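Counting convention: from 1, in listed order, for ligands and their atoms alike. Starting from 1, each residue takes its place in the sequence as its number. Predicted model, so just to flag it, every value in this text is computed and none were measured.
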Amino acid sequence: MGFRVVVLVSGSGTLLQSLIDAQSDPEFAAEIVAVGADRSQIAGLERAERAGLPTFVHPLAKGADRAAWDTELRDLVAGYDPDLVVLAGFMKLVGPAFLERFGGRLINSHPALLPSFPGMHGARDALDYGVKITGASVFLVDEGVDSGVILAQTAVEVAEDDTEESLHERIKIGERRLLVDVVGKLATRSWQVEGRRVRWGR
Ligand code: GAR
């Protein structure tokens, strides 16, 4: 049995693409079994379809019952029996039902060095603050906003003439590699969390 991964996306899906590409490496032990999104007609879903992966779309309508949306998302994902769920540019917060089911095997990737600059605009907030080094973080999702245990980080220098776009694009280069590394590691190694620290076994 492979290590089954469901990926959730909201946008261009370049992180997803790096995981799809990793699957052509026989050393990469994880298998993407489905890709879900909270909106249709995004490049992320097209990437999944091109790769022949099953997809599903579960939008959260304005004013809709958020708890019901969360429970339905949980059930859609659970239908693929994943060992790991990856939020790869998924721009919705998952709720308690989802977390109860997948907590501890649910990861997210963020374009800043957490705990700095959590939220929707990690790259922009770091640039506006004036930091000289930022990066990307892959972490275990908990009930907070980008507050879970950090599994891995990579650093990126901020250039004086960076714009939000140029900085975010550079962060994403390292972020794609980081996410592939972490997913590969989770598929093959044991690990445990002590406090806020993760310890990798064999
Ligand atoms: C990534 O930089 C990811 O960290 C960020 O969205 C981008 C998705 O890129 N996610 C967040 O900011 C979540 N709060 P992609 O659609 O090209 O994979």
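A salt bridge does not link Arg101 with Asp75: none of the charged nitrogens is closer than 4.0 Å to a carboxylate oxygen.
Val149 places none of its side-chain heavy atoms less than 4.5 Å from the side chain of Phe139.
Heavy-atom minimum distance, Ile133 versus Ala155: CG2-CB, 3.9 Å.
Checking Arg176 against Thr14 by side-chain atom types alone, a donor-acceptor pair falls below 3.5 Å. A donor and an acceptor atom, one from each side chain of Arg47 and Gln17, are located under 3.5 Å apart.
Atom CZ of Arg177 sits in a sparse spot, with 12 or fewer heavy atoms from other residues, nucleotides or ligands closer than 6.0 Å.
Closer than 4.0 angstrom to ligand 1 by heavy atom are Gly11, Ser12, Gly13, Thr14, Leu15, Gly89, Met91, Ser109, His110, Pro111, Gly119, His168, Lys172, Glu175, sorted by chain and number.
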